[in-house]
Amino acid sequence: MYLSILFFLLLWAQALALKNLNYSVNEEQGPGTVIGNIAKDAKLGLGQGGQGKKSNFRVLENSAPHLIDVDPESGLLYTKQRIDRETLCRRNPKCQLSMEVFANDKEICMIKVDIVDINDNSPTFPSDQIDIDISENAAPGTRFPLTSAHDPDAGENGLKTYQITRDDYNLFSLDVKSRGDGTKFPELVIQRPLDREERNHHTLILTATDGGEYPRSGTMQINVKVIDSNDNSPVFEQPSYVVEIPENSPPGKVVIDLNATDPDEGSNGQVVYSFSGYAPDRIRELFSIDSRTGVIKIQGEIDYEENPIIEIDVQAKDLGPNPIPGHCKVTVNVMDRNDNWPSIGFVSVRQGAISEAAPPGTVIALVRVTDKDSGRNGKLQCRVLGNVPFKLEENYDNFYTVVTDRPLDREQQDEYNVTIVAKDNGTPPLNSTKSFAVKILDENDNVPRFTKAVYLLQVPENNIPGEYLGSVLALDPDLGQNGTVFYSILNSNVSGGDVNTFVNVNAANGAIYAVRSFNYEQIKFFDFKVLAKDAGSPHLESNTTVRVSVLDVNDNIPVIVLPLLLNDTAEIHVPRNVGVGYVVTTVRAVDNDYGESGRLTYEISDGNEEHLFEMDPVTGEVRTAHPFWEDVSPMVELIIRVMDHGKPTLTTAARLIVKAYSGPLPGGEPHINEEHHNWDTSLPLIVTLSIISMMLLAAMVTIAVKCKRENKEIRTYNCRIAEYSHPQLGKGKKKKINKNDIMLVQSEVEERDAMNVMNVVSSPSLATSPMYFDYQTRLPLSSPRSEVMYLKPTANNLSVPQGQGHGVGCHTSFTGPVTNTTDTPSSRMSIIQVGTRNHSTRERESWRYGKRGRERDLEIWKERGRVVDMERERERESWRVGDMERERDRVREKERERVGVHGDRQVMLHIVERDRERDRERDRDREREEPVTS
């Protein structure tokens with residue numbers, strides 16, 4: 001501990017020096033051009049201040065970071081891209097870049113880089129040729145100012161001189177003059193009298209040449225036209241004037257009142273003033289001149305820092321024919337005023353923090369103070385405000401360093417607010433202040449602290465795994481390893497899974513990335529904790545909560561539900577002569593997205609070139625916009641586009657065919673324009689849904705009854721289980737059945753086969769017995785007479801019970817005793833009483849019929865098993881139908897919520913009609929399935 005403090009004190013004991021380095025580089029140099037070696041030029045040895053420590057260079061301030069930079073290890077100063085001096089500095093003769101570099105954490109290098117101009121631009125004129133009218137009586141020596149050429153290059157490479165190519169008569173010469181700012185301009189001078197009759201047109205070539213090593217030039221053609229004489233020209237009192245005005249003078253202030261005289265009379269002596277035709281546009285922006293009086297006034301903002309000297313070329317000419325203008329020059333000297341506040345800029349060397357072990361004289365920051373004013377107004381005085389352990393040390397060129405003035409003690413104060421005051425010497429003086437904070441650091445006694453208690457991150461659904469979600473940041477004011485923070489995620493569960501399968505965090509910078517793709521419908525948000533731990537000893541740590549919200553994206557296209565579309569087309573019939581504003585139809589669409597993604601806008605995208613219709617972008621109503629639209633086009637095809645407001649925008653389109661209709665509307669065509677806004681659509685909607693539910697219930701009951709009836713028709717009576725299947729069987733006294741209790745009647749199931757099929761029924765004496773039965777069997781009517789004997793029916797000794805289902809099945813209950821009947825003999829066969837046979841024959845027949853009965857019983861049981869399977873299949877089908885009905889109700893309820901219970905009547909009609917169509921389709925499917933089931 002003590003050795004490290006001693007080493008730190010020895011490091012800062014060396015005097016911190018400021019070194020000035022000046023470099024130059026030609027413009028148009030490519031990227032990567034080495035300008036200089038800071039380590040070598042500043043005589044910085046490798047490893048200074050430490051045993052084998054590598055040199056390091058940190059840029060504190062750079063006036064052009066996109067053009068030049070310093071390698072942080074080698075200290076090489078190089079260009080980052082091509083430098084164009086004309087673009088960078090324009091007309092400024094001195095083009096310089098500045099940079100401050102902190103070398104080896106103890107020396108500051110002040111670097112200046114001059115951009116050297118090369119002759120890469122030629123002089124150019126505003127136009128290729130100009131026309132000048134000169135009177136034939138213009139006296140020799142008369143001057144005509146010409147337009148100046150422009151050369152972006154500076155110094156020797158800039159514009160140097162002008163030359164004129166004379167004609168054969170040597171009538172003209174060129175005089176080159178300089179303005180107050182050093183720029184040169186040419187004047188055309190008449191050398192000899194002109195004679196219009198001898199030659200009325202002259203062509204001259206004006207050449208502008210720069211002063212480069214390899215001169216460049218530009219040319220312009222001058223067309224001189226000699227016109228008839230005008231005896232006298234206006235003459236100014238002086239050829240040039242000099243005036244002074246303070247900067248920031250108000251608009252409208254008079255600069256000078258010019259006066260030119262012309263001895264001619266009438267229009268030949270009436271003088272008109274104006275700026276020269278070659279005066280720059282900036283002159284016309286700053287000043288105005290009265291054409292009658294010659295008064296020049298200020299109309300723009302005069303700024304000394306922009307142009308301290310302004311030259312104005314003025315001309316005056318009379319209104320006579322072929323006038324010869326007179327010229328003069330007005331030089332305006334702008335006087336500087338103290339109108340710019342001092343500007344303070346500083347760069348922290350120690351990142352706003354310093355150890356309490358730092359000795360006096362430790363550099364905290366660099367300060368640069370500037371003032372755009374000149375003279376006394378631009379001279380500055382700087383100081384540190386308040387009683388703080390810091391002071392300012394002046395260096396050069398308005399550069400200062402903030403250094404410690406006395407030892408620091410963190411236990412007394414751990415942070416200082418340093419305020420710098422800069423004041424100029426103008427009248428009245430202007431001053432500026434700027435403050436920055438300096439923290440005093442100590443040992444590892446600070447816990448890393450997050451910048452937020454809860455971080456809210458958002459990610460759209462269907463994201464790409466590995467996508468960046470955001471970052472967390474924990475600050476530790478300690479230095480070195482004590483202030484190095486590492487991030488990790490605390491183990492927890494999210495939706496039953498490990499949080500690390502959802503997100504991960506970069507341990508170095510706190511960047512959080514998604515591990516999987518999220519689905520808004522499965523998880524809308526989840527929380528987890530991020531731990532920040534420093535590398536000090538012992539470790540200090542803290543944590544924060546991060547909430548990730550999954551955002552719904554615009555992935556649903558609007559669906560048009562009204563009007564009803566067939567192949568994205570709807571046909572609308574509109575009566576004729578309905579006038580303007582008639583509601584043709586209302587387009588209604590739904591979008592399952594939320595917020596702006598679900599907000600829809602309607603528009604007519606095509607087919608309305610004649611502006612016959614208009615559409616409300618919010619309600620979707622299509623109205624007539626032309627009183628006689630049917631005369632223009634009796635049938636109009638409109639392309640309707642519906643778009644949402646999500647990002648990206650999703651759209652859908654439909655075609656509306658609007659036809660003019662003179663008679664009544666076709667059947668089923670809704671009356672769009674009738675008054676229905678006061679009609680409550682909730683009641684008919686509820687009634688319609690109730691009717692549909694009742695119809696479905698009735699259909700289900702009908703299907704169940706029909707299935708039960710078919711089941712009874714299939715089943716056959718089994719005599720062996722009749723006794724056990726009856727609930728009262730076994731409780732009452734059993735009655736012995738003899739042969740006189742059995743009789744045969746004609747089968748009502750198959751009347752066509754009456755000769756071969758008989759019913760075996762119990763006698764009237766067993767009518768009240770629980771063993772009463774109606775047993776269908778097949779007996780051969782061709783049996784020998786010795787086996788059976790036909791008896792005549794008696795109307796009062798037998799009543800055959802008639803059950804439902806064609807007499808098939810077991811009758812297990814009665815409503816009362818059996819009564820006699822008056823049925824005719826033709827309605828049933830005569831009673832056959834079993835005759836007497838020998839005992840052995842009866843036994844054989846009984847055994848044979850018993851075997852057949854057992855085989856028939858086995859077939860009956862198999863048939864009953866198949867019937868049970870069919871019943872179960874019908875039940876499952878009924879459940880599927882119920883599920884479909886419930887799904888349809890859910891979809892209908894969702895659409896009702898979208899549209900609203902009090903929505904458009906057409907939406908309700910659309911829903912009802914669609915449900916009816918689904919019911920009809922389901923009935924047709926059921927009818928096709930019933931024959932297969934039977």
Do the non-hydrogen side-chain atoms of [X] and [Y] ever get within less than 4.5 Å of each other?
X	Y	value
Leu146	Ile222	yes
Glu28	Ile118	yes
Ile115	Asp117	no
Leu430	Asn338	yes
Pro123	Arg216	yes
Leu385	Ile420	no
Val314	Leu258	yes
Phe185	Lys177	yes

Inset, instruction - Using a strict 4.0 Å threshold on nitrogen-to-oxygen distance, state whether Glu247 and Arg337 make a salt bridge. - result: no

Inset, instruction - Answer yes or no: is there an ion pair linking Glu306 with Arg282, defined by an N-O contact shorter than 4.0 Å? - result: yes

Inset, instruction - Please work out whether the ring planes of Tyr416 and Phe390 are parallel, tilted or perpendicular, with thresholds of 30° and 60°. - result: perpendicular

Inset, instruction - Classify the angle between the aromatic ring planes of Phe236 and Tyr273 as parallel (below 30°), tilted (30 to 60°) or perpendicular (above 60°). - result: tilted

Could you verify whether a donor N or O on one side chain and an acceptor N or O on the other, from [X] and [Y], lie under 3.5 Å apart?
X	Y	value
Asp339	Asn248	yes
Gln315	Ser276	no
Tyr23	Asp41	yes
Asp424	Asn377	no
Gln270	Asp318	no

So, [X] side chain and [Y] main chain: donor-acceptor pair closer than 3.5 Å or not?
X	Y	result
Thr404	Gly361	yes
Ser343	Thr370	no
Asn62	Asp69	no
Asn307	Ile310	no
Ser432	Pro342	yes
Glu285	Gln299	no

Just checking [X]: does its [atom1] atom have more than 12 heavy atoms from other residues, nucleotides or ligands closer to it than 6.0 angstrom?
X	atom1	result
Arg406	CZ	yes
Lys329	NZ	yes
Gln96	CD	yes
Lys372	NZ	no

Legend entry - Pair Ser173-Gln191, side chain to side chain donor-acceptor pair (under 3.5 Å): steps then yes or no: CA-CA 6 Å; Ser173 65; Gln191 293 291 103; 2.7 Å; yes

Can you name the closest pair of heavy atoms from [X] and [Y] and give their distance?
X	Y	value
Leu380	Tyr400	O-OH, 4.4 Å
Gly218	Phe125	O-CE1, 3.4 Å
Ala437	Asn417	N-OD1, 4.3 Å
Tyr304	Met335	CD1-C, 4.2 Å
Leu67	Arg82	CD2-O, 4.3 Å
Gln238	Cys328	O-CB, 3.8 Å

Inset, instruction - I would like to know whether Glu187 and Arg143 meet salt bridge (Lys or Arg N to Asp or Glu O under 4.0 Å); could you show each step before the answer? - result: CA-CA 6 Å; Glu187 288 185 349; Arg143 295 174 177 269; 3.1 Å; yes

Inset, instruction - Could you please spell out the steps behind the side-chain contact (heavy atoms from CB on, under 4.5 Å) verdict for Asp210 and Lys160? - result: CA-CA 5 Å; Asp210 61 21; Lys160 183 176 182 181; 5.5 Å; no

Inset, instruction - Could you list the residues that satisfy disulfide (SG to SG under 2.5 Å) with Cys95, not counting sequence neighbours? - result: Cys89

Look up atom [atom1] in [X] and atom [atom2] in [Y], then write down how far apart they are to the nearest 0.5 Å.
X	Y	atom1	atom2	answer
Asn259	Thr293	CG	OG1	10.0 Å
Glu100	Met110	CD	CE	4.0 Å
Phe144	Ile130	CZ	CD1	11.5 Å

Inset, instruction - Give the C-alpha distance, both sets of side-chain angles, the deciding distance and a yes or no for side-chain contact (heavy atoms from CB on, under 4.5 Å) between Ile134 and Ile190. - result: CA-CA 10 Å; Ile134 301 178; Ile190 298 177; 3.7 Å; yes

Inset, instruction - Carefully, step by step, assess Asp131 and Lys225 under the rule salt bridge (Lys or Arg N to Asp or Glu O under 4.0 Å). - result: CA-CA 7 Å; Asp131 298 327; Lys225 182 179 180 181; over 6 Å; no

Inset, instruction - List the steps, then state whether side-chain contact (heavy atoms from CB on, under 4.5 Å) holds for Lys80 with Ile68. - result: CA-CA 5 Å; Lys80 298 179 67 176; Ile68 58 175; 5.8 Å; no

Inset, instruction - Kindly indicate, with the supporting measurements, whether the criterion side-chain contact (heavy atoms from CB on, under 4.5 Å) is fulfilled by Leu21 and Ile38. - result: CA-CA 8 Å; Leu21 300 176; Ile38 299 176; 3.9 Å; yes

Inset, instruction - Establish, yes or no, whether a centroid distance under 6.0 Å links the rings of Phe57 and Phe102. - result: no

Legend entry - Trace of the side chain to side chain donor-acceptor pair (under 3.5 Å) decision for Asn223 with Gln221: CA-CA 7 Å; Asn223 300 318; Gln221 180 177 319; 2.8 Å; yes

Legend entry - Audit row: Asn121, Asp151, side chain to side chain donor-acceptor pair (under 3.5 Å) steps and yes/no: CA-CA 7 Å; Asn121 294 281; Asp151 192 336; 5.3 Å; no

